[in-house]
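Since the structure comes first, as structure tokens, the remarks are kept for the end.
Only a predicted model underlies this, so the values are computations on that prediction, with no experimental measurement involved.
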Amino acid sequence: MSLYIDVNYESLNKYREELCGDKVEIIRSSDSVVVVLADGLGSGVKANILATLTSKIIGTIMSNGLDIDEAVNTIASTLPVCKERGVAYSTFSIIQIFNNGEGYLVEFDNPAIMRLRKGKLLEIETESREISGKLINEARFTVSPDDLFVMISDGVIHAGIGQTLDLGWQWGNVREYVQKTYKKDMSSKAVAKLLLAACDSLYANEPGDDTTVVALKAKKPIKLNLMIGPPVDSQNDRDIVTRFVGREGKKVICGGTTSQIVARITKKEIKTSIEYFNPSVPPTAEIDGINLTTEGVLTLRKTLELLKTCVSPESTMNDYLKLNKKDGASRLAKMLLEESTSIYFFIGQAINPAHQNPEFPLNMGLKFKLVEEIAGLLRQAGKHITIEYC
């Protein structure tokens, strides 16, 4: 079994604080992903520093194959001591999931992690032990495709305390909410945003504590292949197209000339649509065996705009809902961001003479820049990216 772990998080700063006292560290390696949620003591600058140091130390140590004992010992000897309270720590949760489905969890004074399998809550049995005077909970378990893990800071269970709820939201109620609202096709981003929005509402938009939600969703790897632009040497057309259509996974073609080359070599018909779902995005076409066929630079530019909006920390659920539209850019952005885990780009280096026309906007000739920006955003979202220039 091979897994891809889709990870996203959302945070709210305590009301009138510029810095968040929670910190999330996500470290991907060739065989696993390590996610650390640290909650610094107090709030503001001091809490931010404590949480940042904790998450960085733990993330670095764990990703280098060392054990949690080493991480906790390092934290205990590194973090400064709070003069007011005589303690120096931030609480933390750590989850490491390997590509082969092995899972490892460590919790210290944070609310317990939640796990859903097929939409139902599934307990993780932990064992307690002491490291450097700190009582930690630890567990090893097996992860299956579509398992969802939700890590929270205590700002979530304090939501609404003294405002809309006398005792806050409470961990059991949060669990019920996560199970009730979860749908199979929800991304980790959507899960995190939905839960954090509920917290913000309970706080009446004035959070009384730093509040963070981290969502991890296990998926089977889903491959996507994009062919953008014709090869620089037309004698290589057949070889590139043959490799493109022969690769495992979904296929997308961007560009009119490129689609004509693929249709000619595969001896398939291009069926062009005249339906404009969005006036700013050219219509799509259909080629048998190809999942999506779009126009080139204009569609890529609009796709980039959509990805920038969705990957941004300020993105909203409404931004994600825009990916459900039927135009070529929305469909492509959704396939890249939500329907694939690894993307292979075939980037043809032939120059389209039309794009060098001074009558066209400058960015019409910046195909490579568009692709590089799109690839950068996808890497930021945790996707595995490969680019081949041909």
Side-chain angles (χ1 to χ4, degrees), residues 6-26 28 35-40 43-45 47-48 51-52 55 150-153 155-156 158-160 177-178 181-183 185-217 278 280-281 300-325 327 329-339 363 369-370 372-383 385:
D6 178 31
V7 185
N8 278 283
Y9 69 93
E10 298 286 328
S11 293
L12 292 172
N13 294 6
K14 183 178 178 180
Y15 184 55
R16 291 180 175 169
E17 291 287 358
E18 292 186 11
L19 295 175
C20 186
D22 299 338
K23 184 69 176 178
V24 177
E25 189 78 9
I26 302 169
R28 293 185 181 272
V35 182
V36 183
L37 167 58
D39 182 352
S43 59
V45 175
N48 179 267
T52 300
S55 60
V150 180
M151 305 166 73
I152 59 174
S153 66
V156 174
H158 292 161
Y177 179 83
V178 170
T181 57
Y182 177 70
K183 294 180 175 57
D185 60 350
M186 286 177 73
S187 65
S188 63
K189 188 84 168 177
V191 172
K193 281 189 172 296
L194 192 63
L195 182 52
L196 198 77
C199 294
D200 199 21
S201 178
L202 289 171
Y203 275 124
N205 305 119
E206 295 183 1
D209 194 3
D210 299 302
T211 306
T212 298
V213 177
V214 187
L216 303 88
K217 190 172 185 181
N278 182 337
S280 65
V281 181
L300 287 172
R301 185 177 63 181
K302 188 65 176 178
T303 299
L304 176 60
E305 290 176 7
L306 289 167
L307 292 175
K308 281 182 176 178
T309 301
C310 289
V311 173
S312 166
E314 288 76 36
S315 63
T316 65
M317 283 298 296
N318 285 335
D319 293 324
Y320 264 75
L321 291 174
K322 291 177 183 176
L323 301 184
N324 294 323
K325 294 182 179 179
D327 64 89
S330 298
R331 290 173 63 189
L332 177 55
K334 186 177 180 68
M335 290 176 75
L336 291 169
L337 199 57
E338 295 193 343
E339 297 177 1
N363 58 13
K369 186 174 185 298
L370 285 171
E372 288 171 2
E373 286 195 56
I374 288 172
L377 288 170
L378 294 172
R379 286 193 184 98
Q380 185 180 329
K383 310 294 182 182
I385 305 297

Which heavy atom of A192 sits nearest to which heavy atom of N8, and what is that distance? CB-O, 4.2 Å
To the nearest 0.5 Å, tell me how far K383 NZ sits from I374 CD1. 14.0 Å
Expected output: side-chain Y203 to main-chain G155 donor-acceptor under 3.5 Å: yes
How many angstroms lie between atom CG of D22 and atom CD of E10, to the nearest 0.5 angstrom? 13.0 Å
Any donor-acceptor pair under 3.5 Å linking the side-chain atoms of S188 with those of D6? yes
Between N324 and K334 the two heavy atoms that sit nearest each other are OD1-NZ, 3.0 Å
Between CG of L337 and CG of L306, what distance do you get to the nearest 0.5 Å? 10.0 Å
Between D210 and L12, does a side chain to side chain contact (heavy atoms under 4.5 Å, CB included) hold up when you go through it step by step? CA-CA 6 Å; D210 299 302; L12 292 172; over 6 Å; no
Please confirm whether the backbone N or O of C310 pairs with a side-chain atom of S315, one donor and one acceptor, at under 3.5 Å? yes
Is there a donor-acceptor pair under 3.5 Å between the side chain of S55 and the backbone N or O of A51? yes
Any side-chain to backbone donor/acceptor pair from N48 onto C20? Under 3.5 Å, distance only. yes
Within the side chain of K302, is there an N or O that forms a donor-acceptor pair under 3.5 Å with the backbone of S280? no
Is a donor on one side and an acceptor on the other found under 3.5 Å between the side chain of D39 and the backbone of S153? no
Without swapping roles, check the side chain of S187 against the backbone of D185 for a donor-acceptor pair under 3.5 Å. no
Do D327 side-chain atoms and V281 backbone N/O form a donor-acceptor pair below 3.5 Å? no
Whether K308 and E373 form a salt bridge (side-chain N of Lys/Arg under 4.0 Å from carboxylate O of Asp/Glu) is what I want to check. yes
Go through it in stages, so that I can follow the logic: the residues are L304 and L377, the test is side chain to side chain contact (heavy atoms under 4.5 Å, CB included), and I'd like the CA-CA distance, side-chain angles, deciding distance and then a yes or no. CA-CA 9 Å; L304 176 60; L377 288 170; 3.5 Å; yes
Has the side chain of T309 got a donor or acceptor atom that lies under 3.5 Å from a matching backbone atom of E305? yes
For I385 and R379, the nearest pair of non-hydrogen atoms, with its separation, is CG1-CG, 3.6 Å
Once rounded to the nearest 0.5 Å, what's the spacing between atom NZ of K369 and atom CG of L300? 13.0 Å
